[in-house]
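The structure appears right after this line, and notes come after that.
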Amino acid sequence: MSATPTKLETLAIHGGTPVRETLLPYGRQSLDDEDIQAAVDVLKSDWLTTGPKVGEFEERFAAWVGTKHAVSFSSGTAALHASAFAAGLKSGDEAITTPMTFCATANCVLYQDATPVFADVSADTLNLDPREVSKKVSSRTKAVIAVDYAGHPADLIALRELAEQHGLVLIEDACHALGAEHLGKRVGGIADMAVFSLHPVKHLTTGEGGMVTTNDAKLTETLRRFRNHGISSEARQRQASGQWFYEMVLLGFNYRLTDIACALGISQLKKLEANLARRRAIAARYTRAFRELSAVIAPAVREGMEPAWHLYPIRLTLDALSAGRGEVFRALRAENLGVNVHYIPVHKHQYYRERFGYQGGEYPVAEDAYERLISLPMFHAMTDQDLNDVIAAVSKVVNFFSR
Ligand SMILES: *Cc1c(COP(=O)(O)O)cnc(C)c1O
């Protein structure tokens, strides 16, 4: 029995009252007074960059993730570039990666003058499908770069085996997945190197920032040199003859993270556990609510995996709706939900199309998902009211367009 539509039930896009008065973003940081004070304390100290906070942050980060080493960078993208360098990627080499990611994952291969080769994703998690990866391995392949899409760990066991079998370096772009658990173990030490971003929409922020975690001492040394112009920091100690001595041993960059940022990171790290718990509670609540909506497919979680929920991407069953993704998206925006789409598959970007001649249709699973994806707001500072608003707005819009 359906009642006469009230003003509230009329979609905002059709002139009705939006579910929310103000826009709820898809992600945002939360900083408390302790975080702010930590940064201020550094501003009043002797070191603004490369002081005591850098090493302290790296040690704490490594301990939290459960790896021997962590090397900080000025961004996640810089960290990806460094890991591509440390993996030995160079002109003529190939690295296999996923199209369902932010373009930086593939761009880091291009920075090394190597070629990114995409492999399609698994339909459930939208993570690299190891069977598709194995089809793309050639004599030029040197690395695999997996992404933990939305915070769900990639198929790391299968990818590890594949990498070992073919002598490849496994890099994990874990920018979505700080705190995600793979068979009871936090991601960061399973691949040869794992890359994290400390951008404000991620789990922990330093403004801009990135980190690579690894258990390999040699890779750690290369990563440290690469972020500091290629200068060997050990040379000074080796050379007893003069304190001024240093040596540049490879072509690096200035990709250093400041002490100001690292102090913020140390402070943010203390809240990470609680923030992850909040994200998991939000995801559980969404998933329960969307069971009622047959046109909405909630993100899949595989057995033994505990995602970190950077994103909460739903997929629409378009056959069950009288509108396409674009119209549903616009209707949700009109209700003041800051929905987004993650991702336009990388090979569909103009630069990749023009440089590599992609026509579309090469990666059908990723491309089909892209047509149906909508990321809902997901960040640890969301209130219960925010959460209820999202569920109400999605239900309102999806019910309206349901056939
Ligand atoms: C955020 C992100 C990056 C880039 O990180 P920045 O810190 O913004 O440079 C790379 N890969 C993925 C999957 C990301 O989500």
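Whatever order the structure lists ligands and atoms in, that order sets their numbers, starting from 1. Just so it is clear, the structure is predicted and the values come from calculations on it, not from any experiment.
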Can you spot which of Tyr352, Tyr363, Tyr370 makes a ring pair (Phe, Tyr, Trp, His ring centres under 6.0 Å) with His347? Tyr363
NZ/NE/NH1/NH2 to OD/OE distance under 4.0 Å, Arg302 and Asp124: yes
About how many Å separate NE2 of His14 and CD of Glu9, when rounded to the nearest 0.5 Å? 14.0 Å
Please write down residue, atom name and distance for the protein heavy atom closest to atom 5 (O) of ligand 1. Ser197 OG, 3.3 Å
Do Val147 and ligand 1 have an N or O pair less than 3.5 Å apart? no
Going by the atom numbers of ligand 1, which of them fall below 4.0 Å from some non-hydrogen atom of Thr101? 13 (C)
Verify the ring-centre separation between His342 and Phe102: is it less than 6.0 angstrom? no
Taking distance alone, with N or O pairs closer than 3.5 Å, would you say His199 contacts ligand 1? no
Contacting atoms of ligand 1, where contact means under 4.0 angstrom from a heavy atom of Thr105: 11 (N)
Basic-acidic side-chain contact under 4.0 Å: Arg140, Asp93: no
With a cut-off of 4.0 Å, which atoms of ligand 1 are near a heavy atom of Gly209? 7 (O)
Would you call Lys136 and Glu94 a salt bridge, using N to O less than 4.0 angstrom? no
Leu80, Thr205, Asp173: member with heavy atom nearest to atom 13 (C) of ligand 1: Asp173
Considering only heavy atoms, does Lys202 approach ligand 1 within less than 4.0 Å through its side chain, its backbone, both, or neither? side chain
Fit a plane to each ring of His203 and His310, take the angle between them on a 0 to 90° scale, and name the class: parallel (under 30°), tilted (30 to 60°) or perpendicular (over 60°). tilted
Is the shortest N/O to N/O distance between His310 and ligand 1 below 3.5 Å? no
At under 4.0 Å between heavy atoms, is it the side chain or the backbone of Tyr343 that contacts ligand 1, or both, or neither? side chain
What are the atoms of ligand 1, with element, lying closer than 4.0 Å to any heavy atom of Ser75? 7 (O), 9 (O)
With ring centroids as reference points, do Phe61 and Phe196 lie under 6.0 angstrom apart? yes
Ligand 1 versus Thr77, non-hydrogen atoms closer than 4.0 Å: side chain, backbone, both, neither? both
